[in-house]
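The basis for the numbers below is simple: all heavy atoms, side chains too, and nothing from hydrogens, waters or symmetry mates.
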Amino acid sequence: MGTGGLRAGAIAGLVAVLCLAQLITAPTASAAETAAPRTFDAEPLNQPPSGATVQGSVAVTPRLGGTGRAVQLTDASASLQTKAYFPAPAVNSRHFEFDLAITEWGSASLFAIRGSGDNAALGVFRFMITANATSTVLSVYNGTAWQTMGTEPVSLRNTYRKIVVDATADLASVTFNGNRRSTTIKASAGSPITGIEFVSAGTQPTGSSQQVDNLIMHSTVVAIDPAGSQIRFPDITKLANGTLLAVYHSATAHTNANGDIKLVSSTDGGVNWSSPRTIEDGTFGSAHYDARDPKISKLSDGTLLVSFFVTEWPAGQPSKQHGTHVIRSTDNGATWSAPVEVDSAMDPDAGGWNGSHGAAVELSNGDVLIPLYGRVPGDTTSRATVVRSTDGGLTFHRSSERIIGSGGGVNFQEPNVSVLPGGQLVSLIRMANGSGAGIAARLSRSTDGGQTWSTPVVTDIMASSHHQLVTSTGALLLTWGAITPSTRPTYGQLISNPAGPWDGIAETRIYDTTRGDQANPSSVELSPGRYLTLGYDVSRRTLTAVFSTTAEYQ
């Protein structure tokens with residue numbers, strides 16, 4: 001089917017979308033989660049904390065060094081391990097925060113992330129805190145032995161410090177003293193996540209005690225697809241009122257399956273999310289194709305644009321590309337227009353093809369650029385381009401298309417474009433050699449609004465399927481899927497001066513299912529210096545939020 005046919009078929013799509021929108025009531029979240037810290041100030045002294053399962057000496061006590069109350073675990077027995085288990089509804093991913101102080105340090109203190117079906121004596125992830133006079137050692141248990149994760153030059157002795165844990169059944173990330181450490185080392189198998197347990201070092205050691213306060217436990221599940229379906233390729237943006245909108249691709253498989261684009265929203269910073277609803281189903285006239293890799297952006301007037309590319313999967317034949325398309329909303333995502341095709345020289349009607357992986361960006365003059373990649377007839381490798389709209393994303397014309405990178409026997413893929421505070425445009429481009437194997441990403445810049453681009457330079461970033469977020473300070477949070485290992489864990493880098501070199505920047509692993517077919521992250525800044533990054537787990541049909549702060553990337 002040619003691009004003209006797709007445009008004609010879009011009219012029927014518009015009617016379907018608008019009719020669907022009229023039937024949708026306000027989305028409702030599942031059981032409400034809360035990010036408010038649990039204090040113990042109103043609970044009776046010398047009694048176990050309400051709702052917790054305890055063993056040994058566990059009681060609410062005056063908080064160390066100040067007003068209020070906390071939970072104290074004291075290991076006073078040589079025959080009984082002290083425990084306090086705080087359960088939570090079972091979910092595929094959960095965020096924990098708590099203030100911890102070690103008040104006696106004759107032996108180490110432990111905490112464990114629990115999961116359904118785990119070894120109840122161990123938990124899924126089991127961590128040990130060794131509080132020294134001037135430092136703290138964090139270790140993780142593999143079921144038979146402890147392994148050191150790292151040492152921080154601060155002490156927990158008689159001092160409260162915050163510990164943050166983001167956990168799935170496959171990866172736990174522990175942030176302490178601003179440093180994030182991730183591990184896939186498990187004490188036992190268990191899924192989904194069911195809560196957190198604070199524990200003394202064992203039945204024999206005595207002389208240790210710890211206080212816990214300001215406990216936060218909230219789900220980080222953004223969406224779950226129905227059985228038989230799978231989630232991939234998420235993207236996220238924030239509205240002027242603070243509402244978060246996330247879109248993702250929903251299909252029965254990565255390829256050879258027609259997928260829809262679904263949208264979810266959150267009004268409380270990513271703690272609770274609406275039920276998913278379909279905003280684009282890939283229907284063009286009587287044909288149903290795969291609408292994939294959605295990217296969402298917000299323009300200065302509040303207009304939302306979602307771009308995606310369209311693939312046809314004929315049975316027993318090679319796939320066919322039908323170009324990149326854009327739908328728009330002027331009512332914060334309640335209703336969406338029919339798709340408009342991005343006109344490109346990489347024209348599928350003329351033997352070329354194109355796709356997209358970066359969201360559209362708006363320039364200071366109101367022009368909108370959308371990054372593409374693909375081939376024109378005669379190309380032996382793919383190129384990266386941008387196409388301009390001068391009417392707020394209503395139309396995109398190939399006469400405005402400019403090449404970011406091409407040629408040299410390598411493939412330029414999945415370009416992203418960001419507008420820096422000074423107006424410079426930066427584009428990191430996923431790269432592959434002539435045979436398709438991933439190689440280091442390349443970086444190009446434009447100082448004239450995308451009319452011309454510098455020759456892309458090789459970076460030390462081994463990135464695929466990346467995302468660029470310009471933060472409130474002008475820094476750039478770059479998140480990406482690793483080329484190696486093949487499981488494609490997600491890493492993040494905070495580039496403090498994106499107008500300068502991007503090499504030599506510290507990398508932080510933030511998400512990993514350990515099973516491949518993941519990454520494609522997308523991030524948003526919730527508040528200055530606090531971020532939410534999306535990841536997905538195909539086997540568990542789950543879209544997950546990962547929370548982080550500036551300190552974790554430095």
Side-chain angles (χ1 to χ4, degrees), residues 33-41 49 52 60-73 84 86 88 93-103 105 108-113 125-140 149-167 171-183 193 195-199 208-220 269-271 492 494 508-510 525-533 545-554:
E33 300 270 344
T34 179
R38 176 182 176 180
T39 67
F40 303 90
D41 297 348
V60 175
T61 188
R63 179 182 164 107
L64 173 72
T67 60
R69 298 176 182 181
V71 174
Q72 173 124 359
L73 292 83
F86 293 86
S93 57
R94 188 166 284 280
H95 178 85
F96 301 90
E97 296 184 24
F98 53 92
D99 293 344
L100 181 68
I102 306 301
T103 53
W105 43 87
S109 298
L110 283 61
F111 66 91
I113 304 303
F125 294 97
R126 193 171 187 82
F127 300 99
M128 179 168 65
I129 297 287
T130 304
N132 299 317
T134 59
S135 65
T136 301
V137 180
L138 176 67
S139 304
V140 62
M149 294 180 67
T151 301
E152 289 298 324
V154 295
S155 179
L156 279 165
R157 292 185 178 184
N158 289 324
T159 303
Y160 271 105
R161 299 190 189 276
K162 183 178 293 295
I163 295 178
V164 179
V165 183
D166 284 291
L171 180 84
S173 298
V174 180
T175 302
F176 175 62
N177 195 37
N179 287 322
R180 187 185 191 103
R181 293 179 172 91
S182 299
T183 184
I193 301 301
I196 190 169
E197 187 171 57
F198 300 94
V199 193
S208 69
S209 62
Q210 56 183 307
Q211 283 194 7
V212 178
D213 198 9
N214 294 321
L215 176 63
I216 296 173
M217 309 187 291
H218 68 74
S219 168
T220 54
V271 177
L494 191 66
T508 300
R509 181 169 59 161
I510 58 175
E525 189 170 20
L526 299 173
S527 58
R530 186 166 184 265
Y531 313 105
L532 184 159
T533 299
V546 179
F547 295 88
S548 63
T549 63
T550 293
E552 296 169 45
Y553 299 100
Q554 296 176 340

Asks: For Ile129, is there any backbone N or O sitting under 3.5 Å from a side-chain donor or acceptor partner on Ser109?
Replies: no
Asks: What do the steps show when you test Thr220 against Val546 for side chain to side chain contact (heavy atoms under 4.5 Å, CB included), and what is the final call?
Replies: CA-CA 7 Å; Thr220 54; Val546 179; over 6 Å; no
Asks: So that I can tick it off, tell me whether Arg69 and Asp41 are bridged by a salt bridge, with the cut-off set at under 4.0 angstrom between side-chain N and carboxylate O.
Replies: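 So Asp41 does not pair with Arg69 through a salt bridge.
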Asks: Give me the ring orientation class for Phe111 and Phe198: parallel if the planes are under 30° apart, tilted from 30 to 60°, perpendicular past 60°.
Replies: tilted
Asks: For Thr134 and Asn132, what are the C-alpha separation, side-chain angles and deciding distance, and is it a side chain to side chain contact (heavy atoms under 4.5 Å, CB included)?
Replies: CA-CA 6 Å; Thr134 59; Asn132 299 317; 5.7 Å; no
Asks: Does Glu552 use its side chain to pair, donor to acceptor, with the backbone of Thr549 at less than 3.5 Å?
Replies: yes
Asks: For Gln211 and Pro62, which heavy atoms make the closest approach, and how far apart are they?
Replies: NE2-O, 3.4 Å
Asks: Decide yes or no for Thr61 and Val71: does some side-chain heavy atom of the first lie under 4.5 Å from some side-chain heavy atom of the second?
Replies: no
Asks: Applying side chain to side chain contact (heavy atoms under 4.5 Å, CB included) to Phe98 and Ile196, what does each step give before you reach the verdict?
Replies: CA-CA 10 Å; Phe98 53 92; Ile196 190 169; 3.7 Å; yes
Asks: Looking only at heavy atoms, which two atoms of Ala35 and Val271 are closest? And how far apart?
Replies: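 Closest approach of Ala35 to Val271, heavy atoms only: CB-CG2, 3.7 Å.
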Asks: Of all the heavy-atom pairs spanning Ala108 and Ser208, show the shortest one and how long it is.
Replies: O-OG, 3.9 Å
Asks: Do the side chains of Thr175 and Phe547 get nearer than 4.5 Å, heavy atoms only?
Replies: no
Asks: Can you name the nearest heavy-atom pair linking Pro37 to Ile216, along with the distance?
Replies: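 Here Pro37 and Ile216 meet closest at CA-CG1, 3.5 Å.
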Asks: Examine Arg63 relative to Tyr160 and say whether NZ or CZ is less than 6.0 Å from the centre of the six-membered ring and inside a 45° cone about the ring axis.
Replies: yes
Asks: Between Leu138 and Phe176, is the side chain to side chain contact (heavy atoms under 4.5 Å, CB included) condition met? List the steps.
Replies: CA-CA 9 Å; Leu138 176 67; Phe176 175 62; 5.7 Å; no
Asks: Can you see which heavy atom on Leu73 is nearest to which on Val199, and at what distance?
Replies: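 Heavy atoms of Leu73 and Val199 come nearest at CD2-N, 4.2 Å.
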Asks: Does Leu100 reach the side chain of Val212, with side-chain heavy atoms less than 4.5 Å apart?
Replies: yes
Asks: Please answer whether the main-chain N or O of Ser219 pairs with a side-chain N or O of Glu33 as donor and acceptor at a distance below 3.5 Å.
Replies: yes
Asks: Quickly, which of Arg94, Arg509, Arg180 forms a salt bridge (charged side-chain N to carboxylate O under 4.0 Å, His left out) with Asp166? Name it, please.
Replies: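 By the salt bridge (charged side-chain N to carboxylate O under 4.0 Å, His left out) criterion, Asp166 pairs with just one of Arg94, Arg509, Arg180: Arg180.
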Asks: Considering only heavy atoms from C-beta outward, does the side chain of Ile510 approach that of Tyr531 to under 4.5 Å?
Replies: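 Result no, sub-4.5 Å side-chain heavy-atom pair not found.
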